[in-house]
Amino acid sequence: MVAQKVRTRFAPSPTGYLHVGGLRTALYNYLFAKKMGGDFIIRIEDTDQSRKVEDAQKNLIKTLEWAGIIADESPEHGGNFGPYVQSERLDIYDKYCKLLLEDHHAYYCFATHEELDENRQLQIKQGLQPKYNRKWLPEEMGGSIPPSVIQKKLDEGEPYVIRMKVPDYISVWFEDIIRGPVEFDSATIDDQVLMKSDGFPTYHFASVIDDHLMGFTHIIRGEEWLSSMPKHLLLYEFFGWEAPKVAHLPLLLNPDRSKLSKRQGDVAVEDYVRKGYSAEAIINFVAMLGWNEGEGSEQEVYSMTQLIDKFSLERVGKAGAVFNVDKLNWLEKQYIKNRPTEKLVAVIKPILLAELEKREPLMPLEMITSETYLEKVIELMRERVGFEHEFVTFSSYFFFEPEAYDEESVKKRWATDTNDLLRDFASILGSLVEFSAENIEAHLKEFVAPKGMKAAVLIHPLRIVASGVSFGPSLYHLLEVLGKETVLRRIQVGLEKISSSV
RNA sequence: GGCCCCAUCGACUAGUGGUUAGGUCAUCACCCUUUCAAGGUGGUAGCACGGGUUCGAAUCCCGUUGGGGUCACCA
């Protein structure tokens, strides 16, 4: 037998942003499909019209693509199994629902919301599991409603839903790729609504039909679906279809181990994008939340290609994983450290240009926006920033004059003779022909030595007047990159501002 | 509450009967150093508990506890 081509799907509902948990589900589906040489498909589950959000579909797909998860078939790019939006497949669900009705696997239910609620309350009060009481189960299916009554209601145009009839006294068993065998008693399964009164199918019904029709070989989804698996299995059985293999992923957790939610931090991928995390770091991070290569591997940094190469569902863990931002931050730094300079230049330049819309530099515009200048800034800063945008925001003194001087540092580093020293050394700097780090260092040491002072007495004040802050790259290199003109100006300005405040 | 799933350092995890229980993040100390990073070295820290099975259990079985999910005309 020729193995069929693997097909997996990510099936979000267009109700808003892409959740990081959703990103991981999509990623695992994608990795598995690509690893197996198969296809990854995006399907939109918009059967709840009331929760539909404008543009959500577009944003979902856009965000996935930003992350590097490109679908082989999707509502945006088409494919041979469309339409890929469930609201465009209504006639299909109708057709299959009729089949179920004919085969007595489903029945009309005219119960009102009030009735259902009442019933539920009663059952809860009695300590029972809330379940539909099958009041509308027709005679021919073992219930008490004669066909004529149903027909009459139908003729009168009474609103109704269609429910599946869960067989009594059976047990539903399946093998989860991640969890192994799982078993349910049919007594615990409700007669799930298949078609809602607005004519739309429920998730359970639509996804089973689509998963079959679209030819998916593997269903990889969150653990929250595990308990509805038996319903889906029953539907496959009703239709006589072979069920796809399933894998239920462990959930992503808050630091307090509850299900990952807002309130305790950001859950939208877009939030992390906005903060400046890169696709590589987020994908890498999310991939490791629940999966690892095993076999003694100690690799932490994986590219998408490597992930595809190494991924396997068998190595996905069973327990929920806490979304720990510390490690994400560390990964982001790893990527910045190793990203090619020209790539960083390309990213930083637009950020700088945007900043230049808001702030006026004193340094020559051509200079600070030039590639060679940006390359130097990157060289000095790449091991000191946590995000790409920090090349501009965290070390803005490479582009703009310091607006203030860190008070505590001034207090700590300024002695009575500091201003004089600074002034004297400025004139030495002014006379330098070669304004290089080595040369600056040599002259500074020469200047300080005969006075019996340590270089630090000048180094720290110089850094503060040059940058406004007490931390940063090597002072000598900082000065070199800034250039003589800027350095002299900043010393001058710094002396004025600081002496007036000290 | 019923049903289902899960359980190794604070976090992510390696580990599938015999290991000084390993790695990474975080944390602490030291080194490097003009600062901040980066880097280096070292440290603190874990098998939830109780029973079995076995010569021997983190590993297998049962129970307890704890956590989570789910019980909608939402997905």
Side-chain angles (χ1 to χ4, degrees), chain A residues 11-15 45-48 50-51 109 111-113 116-117 120 123-124 127-132 159-163 176 178-180 182-185 187-190 192-204 206-207 222-230 248 250-251 253 255-259 285 288-301 317-331 333 337 380-386 394 409 413 441 444 454-460 462-464 467 469-476 478:
Chain A
S13 58
T15 53
E45 312 228 319
D46 60 343
T47 53
D48 184 350
S50 64
R51 293 212 306 159
C109 170
T112 63
H113 288 280
L116 258 18
D117 265 354
R120 213 184 335 265
Q123 286 167 328
I124 291 171
L128 299 168
Q129 179 201 353
K131 253 176 88 174
Y132 178 58
Y160 62 85
V161 300
I162 293 169
R163 289 178 183 275
D176 188 282
I178 294 171
R179 280 151 219 288
V182 184
E183 195 175 2
F184 290 84
D185 189 326
T188 66
I189 309 169
D190 203 358
Q192 180 61 230
V193 170
L194 264 20
M195 293 297 265
K196 300 184 274 189
S197 56
D198 63 359
F200 278 76
T202 56
Y203 163 83
H204 304 284
S207 74
E223 193 188 345
E224 67 265 33
W225 296 111
L226 190 59
S227 48
S228 41
M229 188 61 200
H248 288 94
L251 263 17
L253 272 25
D256 71 352
R257 303 208 77 88
S258 58
K259 187 180 178 182
F285 174 64
M288 305 308 285
L289 248 29
W291 172 86
N292 72 83
E293 191 185 335
E295 285 174 28
S297 165
E298 284 173 4
Q299 188 172 344
E300 299 285 341
V301 179
K318 298 182 218 273
V322 173
F323 191 93
N324 178 220
V325 185
D326 278 335
K327 190 132 186 194
L328 211 207
N329 290 338
W330 174 79
L331 267 175
K333 280 196 163 192
K337 255 169 64 181
L380 291 187
M381 293 305 294
R382 79 187 310 152
E383 281 175 356
R384 291 168 229 268
V385 298
F394 183 71
S409 310
R413 303 296 188 185
E441 179 171 6
L444 188 141
K454 291 209 287 187
V457 299
L458 208 39
I459 285 174
H460 296 293
L462 265 174
R463 175 187 298 288
I464 293 168
S467 71
V469 293
S470 63
F471 51 87
S474 145
L475 193 254
Y476 307 117
L478 169 66

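- Side-chain atoms of A:E45 do not come within 3.5 Å of backbone N or O of A:S207 as any donor-acceptor pair.
- Side-chain N/O atoms of A:S474 and base N/O atoms of B:rU34 include a donor-acceptor pair closer than 3.5 Å.
- When both distances must be under 3.5 Å, the Watson-Crick or G-U wobble mate of B:rA7 is B:rU65.
- Stacking annotation: A:H460 is not stacked on the base of B:rU35 (requires ring centroids less than 5.5 angstrom apart and an interplanar angle below 30 degrees).
- At the phosphate of B:rA75, neither OP1 nor OP2 sits under 4.0 Å from any side-chain N or O atom of A:T202.
- With sequence neighbours excluded, the residues satisfying side chain to side chain contact (heavy atoms under 4.5 Å, CB included) with A:N292 are A:R315.
- Under 3.5 Å, the side chain of A:R384 and the base of B:rC36 form at least one donor-acceptor pair of N or O atoms.
- When the nucleotides B:rA38, B:rC74, B:rC36 are ranked by their closest atom to the side chain of A:K337, B:rA38 comes out on top.
- When distances run from any side-chain atom of A:S13 to the nucleotides B:rC5, B:rC25, B:rA75, the shortest one goes to B:rA75.
- Between A:N329 atom CG and B:rA38 atom P the separation is 12 Å, expressed in whole Å.
- In this structure the side chain of A:F200 never reaches within 4.5 angstrom of the side chain of A:D48, judged on heavy atoms.
- The separation between A:Q192 atom CD and B:rA72 atom C1' is 8 Å, rounded to whole Å.
- For A:D190, the listed nucleotide lying nearest its side chain is B:rA72; candidates were B:rU34, B:rC5, B:rA72.
- In terms of phosphate contacts, A:R382 brings no side-chain nitrogen or oxygen within less than 4.0 Å of OP1 or OP2 of B:rA38.
- In terms of phosphate contacts, A:K131 brings no side-chain nitrogen or oxygen within less than 4.0 Å of OP1 or OP2 of B:rA72.
- Residue A:V161 is in base contact, counting any heavy-atom pair closer than 4.0 Å across all strands shown.
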**Where protein sits on nucleotides 8-14 of chain B, one letter per nucleotide: B base, S sugar-phosphate only, - none, heavy atoms under 4.0 Å** = ---SBSS
